[in-house]
Amino acid sequence: MSSTQQVLAAGPGVLNRRRRSSWHRHLHGSEFAWAIAFVVPYAAVFVAFVVYPIAYGLWMARDPSLYRDLIANPLYAQTVVNTVLYVGLGVNVKMFLALLLSGFFMRRRWWIKALLPVYILPWALPAIPAFVSFHWMLIGEEGLVDSVLSALFGIHGPLWFNDRRLALGSNIVAYIWKWMPFWTLTFLAGRMAIPQEIYESADVDGASGCRRFAHVIFPLLGNLYLVCTLLSTLWTVGDFTTVYLVSEGAPSYSTNVLATLGIHYAFEAAQPSLGVAAVMSARHPSWSSRSLGSWQVTGSRIPCGRLLRPT
Amino acid sequence: MICHPDGIRRFILNWEEFPGPLVQMLHREAASGTNAGGPFARYAARLPGNASAMVTFFALLFGSLTAFAIGRMRIRHGWLVSNCALLTYVIPASFLAIPFYRIMQNYGLANNPWSVIAALVAFATPYAIFVFQEYGRSIPIEVDESARIDGASPLQIYLRIYLPLMAPALVAVGTYALLLAWNEYLYQFLLLSSKSSMTVPVALAQFLSSDQSPWNYMMATAIIYAVPPVAIYYAFRRRMTAGLTMGGVKGSRADPRRRSRSPPRLRPRSDLRDTPIGQR
């Protein structure tokens with residue numbers, strides 16, 4: 001039996017006593033070459049497809065006159081307002097509903113357990129079919145929603161994408177519908193990590209229902225909720241697919257967010273530098289919230305492994 | 001036709017073009033609605049299957065190699081590499097789309113599936129490195145050391161010891177990368193815009209804005225496109241969440257390491273009564 005097999009047979013309990021490795025201190029010669037060779041493929045990908053695009057983007061958007069053009073354009077101001085509304089309303093409503101629903105899915109009834117796989121279907125679906133069908137449900141008179149309205153109540157439904165507020169609302173509803181299951185599962189994991197004894201003692205003390213939520217669960221999940229909200233905000237600022245497919249910026253580009261406006265400038269208006277400037281103008285809030293978010297993540301030991309999902 | 005052995009073989013070889021006829025009908029319907037007429041170009045929208053498999057493979061390969069060098073071989077300044085990798089997520093992918101379009105032309109990869117694969121590998125690998133490093137902490141470093149004493153080279157340790165022990169994390173991250181690549185839209189839309197290289201989601205979204213959208217064909221194509229990820233998702237859901245929480249949750253009850261390391265609690269119940277709840 002080789003020493004490897006002995007160590008493997010001994011199991012993890014024996015091995016964790018001494019965690020300091022001696023390998024890194026003696027890493028030289030051929031082993032050092034191996035280690036470098038292991039890192040080089042990813043380093044090449046990182047330089048070619050992360051560093052270079054970022055640098056290229058910053059270089060494209062280097063001209064200050066671009067930002068003057070942007071600010072002078074009323075479309076840009078409206079887009080910033082849309083982005084703030086879309087992110088602010090979408091993220092907060094979604095997070096709060098997810099927090100409440102995670103409590104519902106903690107119950108142990110059989111039909112609630114059966115409901116969970118159905119509930120996470122929007123998250124499992126690819127974004128394109130999901131938002132294409134959302135768009136289909138809301139198109140004018142032959143769309144599903146307006147057809148149902150006229151069949152059941154005999155009223156003429158609105159033209160959803162002809163009104164800025166309705167179109168923006170449709171985007172936000174589609175966004176919440178798509179992403180709420182993911183965050184519900186995250187909060188569900190957070191609630192599962194709360195020891196059962198705490199619930200029991202709260203029960204003994206007579207705290208139940210709303211009071212248990214306000215005084216026991218929310219303080220315990222507060223940090224997780226904050227971190228998730230920050231991460232979600234960051235991802236939602238970069239969300240392109242929802243707005244591009246549900247409202248398509250209609251009516252007349254008035255529901256665009258920064259991500260779709262950037263693509264619109266670059267590929268429909270043939271002004272790529274202006275497009276980069278438009279999206280890069282959002283990088284300041286996203287940078288600050290990212291640093292805050294990562295600080296929180298490292299500080300608070302939450303299930304950040306499953307949260308790090310690039311959009 | 002499909003029951004014939006030759007048909008089956010052709011189907012397996014060209015399974016990505018399975019929704020092709022449907023997309024052809026889509027184009028025909030859309031064109032008849034607008035009276036465009038004329039000869040139809042050959043539209044071959046394909047499912048992004050092989051590209052997704054490639055993204056998964058390279059993300060797992062590069063991610064595990066890097067995590068091995070940083071976490072197991074403890075290469076000097078390795079933390080710098082993993083922190084830089086996470087910087088990828090500072091700027092959302094959609095914000096980098098415009099520069100990506102330009103640099104892919106510089107690289108000569110315009111309308112080449114490899115451009116999308118490269119972009120998605122770049123976005124999926126940092127997450128893979130992160131999870132592998134976290135998960136790798138649960139595997140004692142002494143396993144590597146003893147293999148080294150037995151005369152194994154770093155490559156042998158990586159292949160024979162590291163990869164088999166990392167299997168749960170590989171499955172979790174692989175599923176994640178596969179779904180990420182299959183569901184991706186923006187980069188496929190921008191980088192694969194020619195008729196010969198177009199994928200199904202791009203073809204779908206193309207008809208959204210036309211006045212006479214052939215909704216029945218669009219929905220049929222959408223279902224074909226959506227079934228594989230949903231099936232994979234439900235099949236791997238438990239493993240996905242298990243693998244990812246193993247890497248991410250520390251100090252919580254879901255942590256298997258903690259459970260295995262701590263001795264069984266033999267204290268009588270009366271001891272617990274005196275400790276405040278928060279400290280347990």
Side-chain angles (χ1 to χ4, degrees), chain A residues 2-4 7-8 12-13 15-16 21 23-24 27 31 34-35 38-39 41-42 45-46 49-50 52-54 56-57 60 124-129 132 135-136 189 193 195 197-198 201 237-238 240-241 245 248 259 262-263 266 272 275-276 279 283 287 290 301 303-306 308 310-311, chain B residues 62 65-66 68-69 73-75 81 88-96 98-100 102-103 118-119 121-123 125 127 130-131 134 140-143 145-147 149-150 154 183 185-186 201 204-205 208-209 215 222 225-226 229-230 233 244-245 247-253 260-261 277:
Chain A
S2 73
S3 61
T4 315
V7 167
L8 283 173
L15 293 162
N16 275 316
S21 154
W23 195 345
H24 66 297
L27 197 64
E31 281 179 343
W34 275 114
F38 285 166
V39 177
Y42 175 65
V45 169
F46 183 72
F49 297 108
V50 178
Y52 185 37
I54 292 179
Y56 198 94
M60 279 172 86
L125 269 182
I128 301 299
V132 162
H135 184 90
W136 169 74
E197 293 91 346
I198 292 182
S201 58
V237 169
F240 167 84
T241 328
L245 289 172
E248 301 180 293
I263 301 291
V276 177
V279 291
R283 78 167 188 260
W287 272 9
R290 160 61 68 175
R301 298 303 190 196
C304 52
R306 86 164 61 169
L308 276 163
T311 43
Chain B
F62 295 166
L65 280 175
T66 312
F68 180 73
M73 299 181 76
R74 308 272 172 90
I75 189 172
V81 178
T88 308
Y89 299 141
V90 165
I91 298 184
S94 64
F95 288 9
L96 286 179
I98 304 162
F100 247 108
R102 288 293 192 81
I103 67 160
V121 167
F123 288 124
T125 314
Y127 177 69
F130 176 79
V131 173
E134 289 290 315
I141 194 87
E142 284 82 354
V143 178
E145 281 173 6
S146 53
I149 290 163
D150 284 353
N183 296 349
Y185 169 70
L186 177 58
L204 267 182
L208 200 58
S209 47
W215 287 108
Y225 169 69
V230 171
Y233 179 80
L244 299 190
T245 42
V249 184
K250 284 195 191 126
S252 81
R253 291 189 153 190
S260 64
R261 256 187 244 165
I277 286 162

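Per chain, numbering begins at 1; letters A, B, ... match sequence-line order.
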Student: Show the nearest heavy-atom pair for residues A:Val50 and B:Ala122, with the distance to one decimal.
Tutor: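 Distance-wise, the nearest heavy atoms are CG2-CB, 3.9 Å.
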Student: Just wondering, do A:Phe49 and B:Phe123 contact through their side chains at under 4.5 Å, heavy atoms?
Tutor: no
Student: Taking every non-hydrogen pair under 4.5 Å, which of A:Ala127, A:Ala259, A:Gly57, A:Pro129 racks up the most with chain B?
Tutor: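 Result: the option with the highest number of such pairs is A:Pro129.
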Student: Mind listing the closest non-hydrogen atom pair of B:Leu65 and A:Pro41 along with its distance?
Tutor: CD1-CG, 4.4 Å
Student: Are any of the side-chain heavy atoms of B:Phe95 and A:Val237 separated by less than 4.5 Å?
Tutor: yes
Student: Give, for atom CZ of A:Phe46 and atom CZ of B:Phe62, the distance between the pair rounded to the nearest 0.5 Å.
Tutor: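 These two atoms lie 14.5 Å from each other.
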Student: What closest approach, in Å, do B:Pro99 and A:Pro53 show between heavy atoms, and which atom pair accounts for it?
Tutor: CB-O, 3.4 Å
Student: Under a 4.5 Å heavy-atom cutoff, which of B:Thr66, B:Thr125, B:Ile103, B:Leu96 has the most pairs with chain A?
Tutor: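 If we count pairs closer than 4.5 Å to chain A, B:Ile103 comes out on top.
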Student: What is the minimum heavy-atom distance between B:Met73 and A:Glu31, and which atoms define it?
Tutor: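 Closest approach of B:Met73 to A:Glu31, heavy atoms only: CE-O, 3.5 Å.
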Student: Between B:Trp215 and A:Trp136, what is the ring plane arrangement, given parallel below 30°, perpendicular above 60°, and tilted in between?
Tutor: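 Plane angle between 30° and 60°, so tilted.
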Student: Considering non-hydrogen atoms only, spot the tightest contact between A:Gly275 and B:Ile98 and give its length.
Tutor: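 Looking at all heavy atoms of both residues, the shortest contact is C-CD1, 3.7 Å.
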Student: Taking atom CD1 of A:Ile128 and atom OH of B:Tyr185, what is their separation to the nearest 0.5 Å?
Tutor: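 One finds 5.5 Å between CD1 of A:Ile128 and OH of B:Tyr185.
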